[in-house]
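Each remark here refers to the structure printed beneath this line.
Residue numbers start from 1 in every chain, and the chains themselves are labelled A, B, ... in the order their sequence lines are given, proteins ahead of strands. All values below were derived from every heavy atom in this structure, side-chain atoms included, with hydrogens, water molecules and symmetry-related copies excluded.
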Number of protein chains: 2
Amino acid sequence: MITNKAKYALKALTILARHSKQQFSAQQIAEEGNIPHKFLETILSELKNRKLVVSRRGSSGGYVLAKDPDEITAGDVIRMMDGPIAPLLCASPTGYRRCEDCEDEELCAIRKMMMDSRKALSSVLDKRTLKDLAKFGR
Amino acid sequence: MITNKAKYALKALTILARHSKQQFSAQQIAEEGNIPHKFLETILSELKNRKLVVSRRGSSGGYVLAKDPDEITAGDVIRMMDGPIAPLLCASPTGYRRCEDCEDEELCAIRKMMMDSRKALSSVLDKRTLKDLAKFGR
DNA sequence: CCTTTATCCTATAGAATTAATAGGAATTTG
DNA sequence: CAAATTCCTATTAATTCTATAGGATAAAGG
Ligand code: FES
Ligand code: FES
């Protein structure tokens, strides 16, 4: 399960991708996506620090995607907000951490399964870009 | 990410699958799997209520799988311990709940992607049985 | 029957994470 | 200068996670 934070980030970025190149304020995004305004602000701030969006302050300011919509994947976004997508850290390439309780991880059947799971998840999330999300539905 | 509870449950059941038909005490499982003993007890208790294991009290008591190892999937176990495997409840067949913030879920691109993710995850977790886990490695 | 070894049950508690909100400083436009 | 907006730092309430504690209940074996 992903957090609201990650879901909201995906929604916000998808909205920005739909209105490509236009300045869009947090307020506008919050309304269009039904996202709590102040919460969204902190999320956008993080996305800005991570260079996914560019911001402009002041009246008629707002946010714009920092890259092409097809250069940002859902996997990128989820990892930024929630951390690794692998079900266990011992199966994560990006956030690997050893399981204290497993003696030999090479022989761990659960880890092996979780690596397959991660791969399956990745085959969806790391292939779906904001462009894909933006063009479907509403 | 899954919880320790789910991971420990998988480990415990895999251990039971390896020693098929033998009574195995919580103590023995805890040692073999490096699982905190008291925590494991509560987990086994839950697995018993859910009819995955059968228990026998008293001296020389312990736990045995209630079904054939190939009749219990990793997906079953994880859902019991952690709930739905879908990344969002709006994409979960087993634990469906509407997203308050999305107006029309049929047109929601994120939901669609999460349904694909769930399916991908399911294609691993719902096909891997305790038998599969038991026969690999140690 | 008594001791040992287990499961079983209920409660508790600290830590971490999540999901926000608050309040105001800094900046830009017109 | 006024209005709109991002930016920054804290704080909080609720929930979930990860266990541990302590004892009641039951079975086996001598
Ligand atoms: S090594 Fe992580 S579950 Fe065994
Ligand atoms: S319906 Fe759940 S994310 Fe849109």
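B:Phe24 places its CZ atom 12 Å from the P atom of C:dT7, with the value rounded to the nearest Å. Between A:Lys38 atom NZ and C:dA25 atom C1' the separation is 11 Å, expressed in whole Å. If you measure from atom CD of A:Gln28 to atom C1' of D:dA4, you get 12 Å, rounded to the nearest angstrom. Here D:dT16 presents its C1' atom at 14 Å from CE of B:Met1, a figure rounded to the nearest Å. B:Gln23 has its CD atom 13 Å from the P atom of D:dA27, to the nearest Å. Across the protein-nucleic acid pair, B:Glu46 atom CD and D:dC17 atom P stand 12 Å apart, rounded to whole Å. Across the protein-nucleic acid pair, B:Lys5 atom NZ and D:dT16 atom P stand 11 Å apart, rounded to whole Å. Taking atom CG on B:Leu44 and atom P on D:dT20, their separation rounds to 15 Å, with Å as the unit.
Summary of the strand contacts: A:His37 and A:Ser60 both lie near DNA chain C, and taking for each the nucleotide with the nearest heavy atom, the more 5' one is attributed to A:His37. Comparing B:Gly58 and B:Ile2 against DNA chain D, the residue whose closest nucleotide sits nearer the 5' end is B:Ile2.
The side chain of A:Lys48 lies closest to D:dC8, out of D:dC8, D:dT20, C:dC8. Ranking C:dC8, D:dA28, C:dA20 by closeness to the B:Arg56 side chain, first place goes to D:dA28. For B:Ser59, the side-chain atoms get nearest to C:dT4 when compared with the rest of D:dG23, D:dT6, C:dT4. The side chain of B:Phe39 lies closest to D:dT20, out of D:dT20, D:dT6, C:dA19. Between D:dA26, D:dG23, D:dT6, one nucleotide has an atom nearer to the side chain of B:Arg57 than all others, and that is D:dA26. For A:Tyr8, whose side chain is taken as the heavy atoms from C-beta onward, the closest listed nucleotide among C:dA20, C:dC8, C:dT21 is C:dA20.
Considering only side-chain N and O atoms, A:Asn4 lies under 4.0 angstrom from the phosphate OP1 or OP2 of C:dA20. Contact annotation: A:Ser55 reaches the phosphate of D:dC7 (side-chain N/O to OP1 or OP2, under 4.0 Å). Phosphate contact (OP1/OP2 of D:dT16, side-chain N/O of B:Thr3, threshold under 4.0 Å): absent.
Within the 4.0 angstrom heavy-atom criterion, no nucleotide atom of any strand lies near A:Ser45. In this structure, A:Glu41 reaches the bases: a heavy-atom distance under 4.0 Å links it to at least one base atom across the strands shown.
Ion pairing of A:Asp126 with A:Arg79 is present here, as a side-chain N (NZ or NE/NH1/NH2) and a carboxylate O approach within less than 4.0 Å. Under a 4.0 Å N-O distance rule, the pair A:Arg98/A:Glu100 qualifies as a salt bridge.
Under the 3.5 Å distance criterion, with hydrogens and angles disregarded, a donor-acceptor pair is assigned to the side chains of A:His19 and A:Glu32.
Between B:Asp101 and A:Asn4, the closest side-chain pair of non-hydrogen atoms is not below 4.5 Å.
Once rounded to the nearest 0.5 Å, the distance linking CD of B:Gln23 with CD of B:Gln28 reads 9.5 Å.
The nearest pair of heavy atoms linking B:Val124 to A:Ser117 is CG1-OG, 3.6 Å.
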